[in-house]
Amino acid sequence: MQSVLSIAVDALAYGMVLFVISIGLSMTMGLMRVVNLAHGAFAMVGGYLASYAVRDLGLGYVAGVVLAVAGTVVIAAPIERLLYRRIYNKPELIQVLMTIGITFCVIGIANYLFGPTLKTIPLPEMLSGPVDLGFRSIAAHKLFAILCGLAVAAALWYLVERTPFGVKLRASVDNAPMAAALGVRTKSVYAASFAIAVGLAAFGGIVGAELLPIEPYYALRYMVTFLVVVSVGGAGSIGGALLACLVLGAVDTTGRYLVPEYGEFFFYLAVIVIVCAFPRGLLGKA
Amino acid sequence: MDANHPASLAEQVARPPFSASADWIGLAAILAAAIIGYLLFPNNLALLTRVIGIVMLVLSIDLVTGFCGVATLGHAALFGAGAYAAGIAAAHFGITDPIAMIAAGAAGGAVAGLISGLVVLLGHGLGQLVLSIAIVNLFHEAANKAASWTGGSDGLTDIAPSPLFGVFAFDLWGRTAYGLGIALLVIVFFLLQRLSRSPFGMLCRGIRQDPIRVAAMGASVRKTLLKMYIISGVVAGVGGGLNAISTQVVGLDSLSFTLSAQALVMLVLGGTGSLYGAIIGTFVVMLFEDFVSAANPFHWLTIMGALLVGVVLFAPRGIFGTAAQLFDQWRRR
């Protein structure tokens, strides 16, 4: 029973971290139809900036997180303007290559600036100890990651379904030329969504740094995982991404606990089965 | 075609850039380059042989991506299957004749091509990419788990190929392996040239441009693509087998997503849809990598990334495609 509970908590925490990082990718893929393999690179940049701000500059955790997320968005904005805008309507192969190229550059530069070692983000006292839930205690940072995932899901749902920006966003997703004809500035919507997506990636990278450690090859190592989550969940669907993260997090964590010698075998087997059974993703739009 | 009315991009890319008589020039160029390589780098033949193995992988990606338009990030599965098939044949079954090992590699690659094709062709767009990645990772984990057969993460060793035709032993300098590699490359290249001009090759190009139309004409898109996947598996498997023979060890990295992505990058830098592009791209990237990464592997990544972005933006047809286009324009003057 104990082990079932600890697997469940780990799976939930891992799934939520995946969700926070991947939901931005899912949004940009649903909206701009860009296969953005550099998404993980932005999560990594967020982690590096947070580590630099908290550990080397000695800022508080909250201030460091805010600065890192803002900094990542500032770094990503010109990249969107100069590079991504040219590949929005190109074939997937072109998008894959361009974004792999960007990922390689980010890895090289991150290693040059920060070195090849693992970077930690010191947690504040509140998050570093265990939390007693009455029947058992779990690590506080895992609980924090789970809460962050739920908060992000709720906030995004509100943004997309209940605000004027969300209306424009959904209109652009469904039919960009028509939305533009009705006066929606689709380019601004694209830029804003890209910024939100990158910000969420950075946030996820920071919150998940304990589970997915920050190092230069982070961008390449988890690139596939994030892409898989989006394709399993269905691009552009918040509920789908959440479901995909929970399922894949559960499969991966359970596999690691019970049959560690198989590595990620069952993870990828599950991916193949789900993608074949649901070609548009679990909750993707037809 | 009128020079004042440039054809659509699809037509230009689909049109073979040179006439059939130029095929022989191409083969002669490969042989000439092989001799120059032998004379220039007599101490680096092992590297050149490895490059030839990877050329086969890149050619096999070109068959499905450049000709048929199937985007894949998991083609190393075919290459690695060939390498492991050749290695296991030698290490566990005592089949040490190099030609038989290459045949085992080709067979292994074909089976892996069939399996990958069956799975990858189920998806479209993003799903297809993800399926191809999942396949190569699945193969990777399976090879890691079956350590008694594959050596797991230590790699498969004890591969001792017997002399080629019973005469030419595989020496420390790698001369025999290099010669074998060049011979295989010439044969494969010759056959693929034939293939790309055959009705089957034309059908594949047609599928790339408009699968619905091809289906309406009465051809089975899925069957054609699956056949091409198997052929592609044979080519990649030969490359993998060659690699197993020349390095005498097979590692898990030959089944990795990283190798798949690198090979795709080489193909695109060289130019998709033409066999020459695949060869040029692989040689340029691998020799350049050997040169730069000796200094610093991370600078290599930065340069490679910048190069990729530049090619996508300014020369989407790659080195060979752009050169062929310039040559074409020059000839029309």
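When reading the values below, keep in mind they use all heavy atoms of this one structure, side chains included, and skip hydrogens, waters and symmetry mates. First the proteins, then the strands, lettered A, B, ... as listed; each starts at 1.
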If you apply the rule side-chain contact (heavy atoms from CB on, under 4.5 Å), what do you find for Val106(A) with Thr302(B), and how did you get there?
CA-CA 7 Å; Val106(A) 171; Thr302(B) 316; over 6 Å; no
**OP:** Determine whether Tyr112(A) and His299(B) make a side-chain contact, defined as any pair of heavy atoms from C-beta on separated by less than 4.5 Å.
**Re:** yes
Discussion item. Around atom CG of Asn89(A), are there more than 12 heavy atoms from other residues, nucleotides or ligands closer than 6.0 Å?
Written reply: no
Cut-off 4.5 Å, heavy atoms of chain A, and the answer for Leu307(B) is neither
Okay, Thr65(B) and chain A: the region with an atom under 4.5 Å from a heavy atom over there is side chain
Minimal heavy-atom distance between Ala134(B) and Ile272(A), with the atoms involved, is CB-CG1, 3.6 Å
(message) Go through it in stages, so that I can follow the logic: the residues are Leu126(B) and Met29(A), the test is side-chain contact (heavy atoms from CB on, under 4.5 Å), and I'd like the CA-CA distance, side-chain angles, deciding distance and then a yes or no.
(response) CA-CA 10 Å; Leu126(B) 173 65; Met29(A) 248 182 226; 3.5 Å; yes
Closest heavy-atom pair, Leu138(B) versus Leu269(A), reported as atoms and distance to 0.1 Å, is CD1-N, 3.7 Å
Interface check, chain B: of Val230(A), Leu227(A), Val232(A), most non-hydrogen pairs under 4.5 Å belong to Leu227(A)
Please lay out, stage by stage, how Asn137(B) and Glu264(A) fare under the test side-chain contact (heavy atoms from CB on, under 4.5 Å).
-> CA-CA 8 Å; Asn137(B) 280 319; Glu264(A) 295 187 306; 5.6 Å; no
Would you check if Tyr268(A) and His140(B) make a side-chain contact, meaning some heavy-atom pair closer than 4.5 Å? no
Separation between CZ (Phe265(A)) and NZ (Lys145(B)), nearest 0.5 Å, reads 10.0 Å
When the 4.5 angstrom heavy-atom criterion is applied to Leu122(B) and chain A, the contacting part is side chain
For residues 71-99 of chain A, the ring pair (Phe, Tyr, Trp, His ring centres under 6.0 Å) pairs (sequence neighbours left out) are Tyr84(A)-Phe194(A), Tyr88(A)-Tyr190(A)
Scanning both residues in full, the closest heavy-atom pair of Ala306(B) with Cys105(A) reads N-SG, 3.3 Å
Applying side chain to side chain donor-acceptor pair (under 3.5 Å) to Tyr48(A) and not counting sequence neighbours gives none
